[in-house]
Amino acid sequence: MSKLAIYGGKIEVPKGLFIPYPKITRSNRKAVNRVLDREILWGLDTPEVKGLEREWAKYVGTKYCLTTNSGTAALHCAIHAVGIKPGDEVITTAYTFLASASAALHHNAIPIFVDIFPDTHQIDYNKIEERINGHTKAIIPVHIEGMPCDIDKIKKIARKHNLFLIEDAAQAHGALFKGKKTGNFGDISIFSLNGTKNLAGGEGGLLNTNNDDFRDRAEMLRTFGEIPERGKPRKYNAYGMGWQYRNNEMCAAFARSRLKTLDKENKRRQENAAYLRENLSDIKALIFQKIPQNRTHVYYLFRIKVDPSKIGLDVNVKKFRMKLQRALQAEGVQADEWQTMPVPGQELFQMMEGYGYGYPWTDVHTRKRIKYNLSEYKITQKLLDTSFVMHSALCYPNGKKLLKHFVNAFHKCFENIDDVLKVDTSIPLKPIHGRR
Ligand SMILES: Cc1ncc(COP(=O)(O)O)c(C=O)c1O
C-alpha cells in the first residue's frame with residue numbers, strides 16, 4: 001500500500017498533465033484578433049454579434065437567437081418576453097445556479113422551488129403541480145449538469161395549466177432529448193457563454209425562440225427598453241423598463257470560433273465520462289448519475305456520489321465525502337464542490353430582504369405568503385452533502401492520459417480507506433474553476 005499524498009506520499013497525478021479549460025487555440029486567437037483588426041468593438045448590429053446569433057439559431061434549430069452579456073441577462077429577457085409581471089410566480093428546481101431563480105427576482109417576480117430526483121439530479125416533475133396556483137405564470141426547468149431533464153413531461157404540465165415554458169439550458173449546449181437539441185422545447189430557452197461553459201465566450205448569454213413577439217420583447221429589455229429600428233437613426237425613446245444587456249464583439253467572436261469545435265469537445269466529455277464510469281465501477285462506494293433513455297448528456301459537470309455503507313463502513317456520509325474529497329485533491333484529482341445548499345437555502349431566500357423592505361416578496365400581490373422551508377428540499381441537500389464534481393478534467397484535450405491517474409488515485413484512496421477516515425476536514429478545498 002502506498003502512502004496517501006495528503007500525508008506526504010507521492011502525488012498520483014503528475015504536475016502539468018491537467019490542462020485547464022478552455023484550452024485556447026490558434027483559431028480562437030485569430031477570431032479575437034479579427035475583431036481588433038476591424039476596430040468595431042460594440043454596437044447594436046455588429047458583425048460578430050449578428051454572426052453568433054445567426055449561427056446559434058441554426059445550430060439549435062430555432063427561428064431566432066439573441067445574444068446578451070450573460071446567461072442571467074438572457075433569462076431576465078426571457079422572463080420579460082413572455083409577459084411575467086411583479087408578483088407573478090415562476091417554478092424552478094432547487095438544485096441549480098442562483099440565476100435560474102434570481103432572474104425572476106430582477107423582474108420583481110417570485111421564484112418557487114421544487115426538489116429533485118435523487119438519481120438523475122433533475123427537477124422532480126411529480127412535485128411541480130402542487131406548487132402551481134393562480135399566480136404561477138411559468139416553469140423554468142434546468143438541464144442541470146448538461147443532462148436534459150424530462151422536458152416532455154414538464155411541457156405537458158405547462159400546457160395543461162397554461163404556463164409558459166422557459167428552458168434554462170445554461171449548462172447544456174448540444175445536449176439532446178429524444179434526438180433533439182435542448183433549446184427547442186420551451187417558448188424561449190437560454191444558454192450561458194461564461195468561460196466555464198461547454199460553449200465558452202468569456203462572458204455572455206444566448207436566447208432562442210421561434211416566436212416573433214417574444215424575440216422583439218426580449219430585444220427591448222436588452223436595449224434599455226427602446227425599440228431598435230433597423231437602418232434608422234436611434235430615437236433614444238424608451239417604451240418600458242430595460243437594461244444594457246448587449247453582448248460585445250470580442251466575446252461573440254470567441255464564442256463563434258468555439259462553436260466550430262463544440263460537438264467534438266462534447267464528444268470528448270462523453271468519452272471521458274464513460275472511461276471514468278467504467279474504470280471506477282469496481283469501487284462500490286461510488287455512485288454515478290442515472291441517465292434515462294433518450295438523453296444525450298454533455299457533462300458540463302460530472303457528479304460522483306459516495307455511499308460508504310456499500311463497503312461496510314458505518315460512518316457519517318457527509319464527513320466521509322469531505323475526507324475522501326480532500327484525499328483525492330491532494331493526489332491531484334479534481335473533486336470539487338458545486339453548490340453547497342438548495343438555492344432556496346441561500347440567505348437571499350431565507351431573509352427575504354430582496355431590494356429592501358422585503359421586495360419583491362412584500363409587494364401587493366404577494367404579501368409574504370411565501371416561505372422557503374428547507375425541509376421541502378431534502379433530496380437536493382442530500383445530493384450536495386454526499387457528492388463532489390469534476391468539470392474541466394473531462395474537457396478536451398484532457399483524456400485517458402490524465403484520467404488513468406485519476407482512476408489510480410481513487411483506487412489508492414480506497415485501498416487506504418482507514419487513512420482516508422482520519423483526514424482532517426478543516427483542510428481548505430481547492431476553489432472550483434480555479435487553475436491548478
Ligand atoms: C443553470 C444556470 N442558469 C443560469 C446561469 C447564468 O449564466 P451566467 O453566469 O452567464 O449569467 C448559470 C451560470 O452558471 C447556470 O449554471
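Atoms within each ligand, like the ligands themselves, are counted from 1 in listed order. Both backbone and side-chain heavy atoms feed into the values below; hydrogens, waters and symmetry mates do not.
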K.L.:
Distance under 4.0 Å to a non-hydrogen atom of Ala170: what atoms of ligand 1 satisfy this?
P.N.:
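So the atoms of ligand 1 that pass are 1 (C), 2 (C), 3 (N), 4 (C), 5 (C), 12 (C), 15 (C).
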K.L.:
Give a yes or no on whether Asp212 atom CG has more than 12 heavy-atom contacts from other residues, nucleotides or ligands under 6.0 Å away.
P.N.:
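Buried by this count: over 12 neighbours within 6.0 Å.
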K.L.:
With a 4.0 Å cut-off, would you call Glu219 and Arg222 a salt bridge?
P.N.:
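Arg222 and Glu219: salt-bridged.
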K.L.:
Are a donor atom and an acceptor atom from the side chains of His121 and Glu145 found within less than 3.5 Å of each other?
P.N.:
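Their side chains do contain a donor-acceptor pair, which is all the 3.5 Å distance test asks for.
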K.L.:
For Thr96, take its heavy atoms, then give the atoms of ligand 1 lying under 4.0 Å from any of them.
P.N.:
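Going through ligand 1 atom by atom, the ones under 4.0 Å from Thr96 are 1 (C).
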K.L.:
Does an N or O anywhere in Gly71 fall below 3.5 Å from an N or O of ligand 1?
P.N.:
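Yes - when backbone and side-chain N and O of Gly71 are compared with those of ligand 1, one distance drops under 3.5 Å.
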K.L.:
Any salt bridge linking Arg131 with Glu376? Criterion: basic side-chain nitrogen under 4.0 Å from a carboxylate oxygen.
P.N.:
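Between Glu376 and Arg131 there is a salt bridge, with a charged N closer than 4.0 Å to a carboxylate O.
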K.L.:
Please list the nearest protein heavy atom to atom 16 (O) of ligand 1 with its residue and the distance rounded to 0.1 Å.
P.N.:
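Nearest protein contact, heavy atoms only, for atom 16 (O) of ligand 1 is Gln171 NE2, 2.9 Å.
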K.L.:
Before signing off on this row, confirm whether Asp168 and ligand 1 have an N or O atom pair separated by under 3.5 Å.
P.N.:
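Right, the criterion is met.
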K.L.:
Taking atom types as modelled and ignoring hydrogens, do the side chains of Arg215 and Thr209 form a donor-acceptor contact shorter than 3.5 angstrom?
P.N.:
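Short answer, no.
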K.L.:
Any nitrogen or oxygen of Thr72, main chain or side chain, under 3.5 Å from a nitrogen or oxygen of ligand 1?
P.N.:
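Between Thr72 and ligand 1, an N or O pair is found under 3.5 Å apart.
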K.L.:
For ligand 1, which atoms sit closer than 4.0 Å to a heavy atom of Phe97?
P.N.:
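Here the atoms of ligand 1 in question are 2 (C), 5 (C), 12 (C), 13 (C), 14 (O), 15 (C), 16 (O).
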K.L.:
Is it the case that the side chains of Tyr372 and Trp361 hold a donor-acceptor pair, with the cut-off being a distance below 3.5 Å and no angle test?
P.N.:
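Looking only at side-chain atoms, Tyr372 and Trp361 do form a donor-acceptor pair, the distance falling under 3.5 Å.
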K.L.:
Asn194 heavy atoms, cut-off 4.0 Å: which ligand 1 atoms fall inside?
P.N.:
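Heavy-atom distances to Asn194 below 4.0 Å select 9 (O), 13 (C), 14 (O).
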K.L.:
Could you tell me, atom by atom, which parts of ligand 1 come under 4.0 Å of a heavy atom of Gly204?
P.N.:
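Near Gly204, the atoms of ligand 1 are 10 (O).
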K.L.:
Non-hydrogen atoms of Ser100 versus ligand 1: any pair closer than 4.0 Å?
P.N.:
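Yes, Ser100 has heavy atoms under 4.0 Å from ligand 1.
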K.L.:
Output, in order, the C-alpha distance, side-chain angles, deciding distance and verdict of side-chain hydrogen bond (donor to acceptor under 3.5 Å, both in side chains) for Asp187 and Asn211.
P.N.:
CA-CA 8 Å; Asp187 296 292; Asn211 184 302; over 6 Å; no
K.L.:
State the atoms of ligand 1, each with its element, that fall below the 4.0 Å cut-off from a heavy-atom position in Ala99.
P.N.:
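Once the distances to Ala99 are compared, the set is 4 (C), 5 (C), 6 (C).
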K.L.:
Determine, using heavy atoms of Lys197 and all atoms of ligand 1, whether some pair is separated by less than 4.0 Å.
P.N.:
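Checking ligand 1 against Lys197, which is what was asked, there is a heavy-atom contact under 4.0 Å.
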K.L.:
Mark up the atoms of ligand 1 that fall under 4.0 Å of a heavy atom belonging to Val142, in ascending order.
P.N.:
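Every atom of ligand 1 under 4.0 Å from some heavy atom of Val142: 1 (C).
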K.L.:
May I ask you to check whether Tyr275 and Gln270 show a side-chain donor-acceptor distance below 3.5 Å?
P.N.:
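Looking only at side-chain atoms, Gln270 and Tyr275 do not form any donor-acceptor pair under 3.5 Å.
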K.L.:
Which residue from Ala74, Ala73, Ser192 reaches closest to atom 7 (O) of ligand 1 through any of its heavy atoms?
P.N.:
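Residue with the shortest heavy-atom distance to the ligand atom: Ser192.
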K.L.:
Between His76 and Tyr245, is the ring centroid distance below 6.0 Å?
P.N.:
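They qualify: ring centres under 6.0 Å apart.
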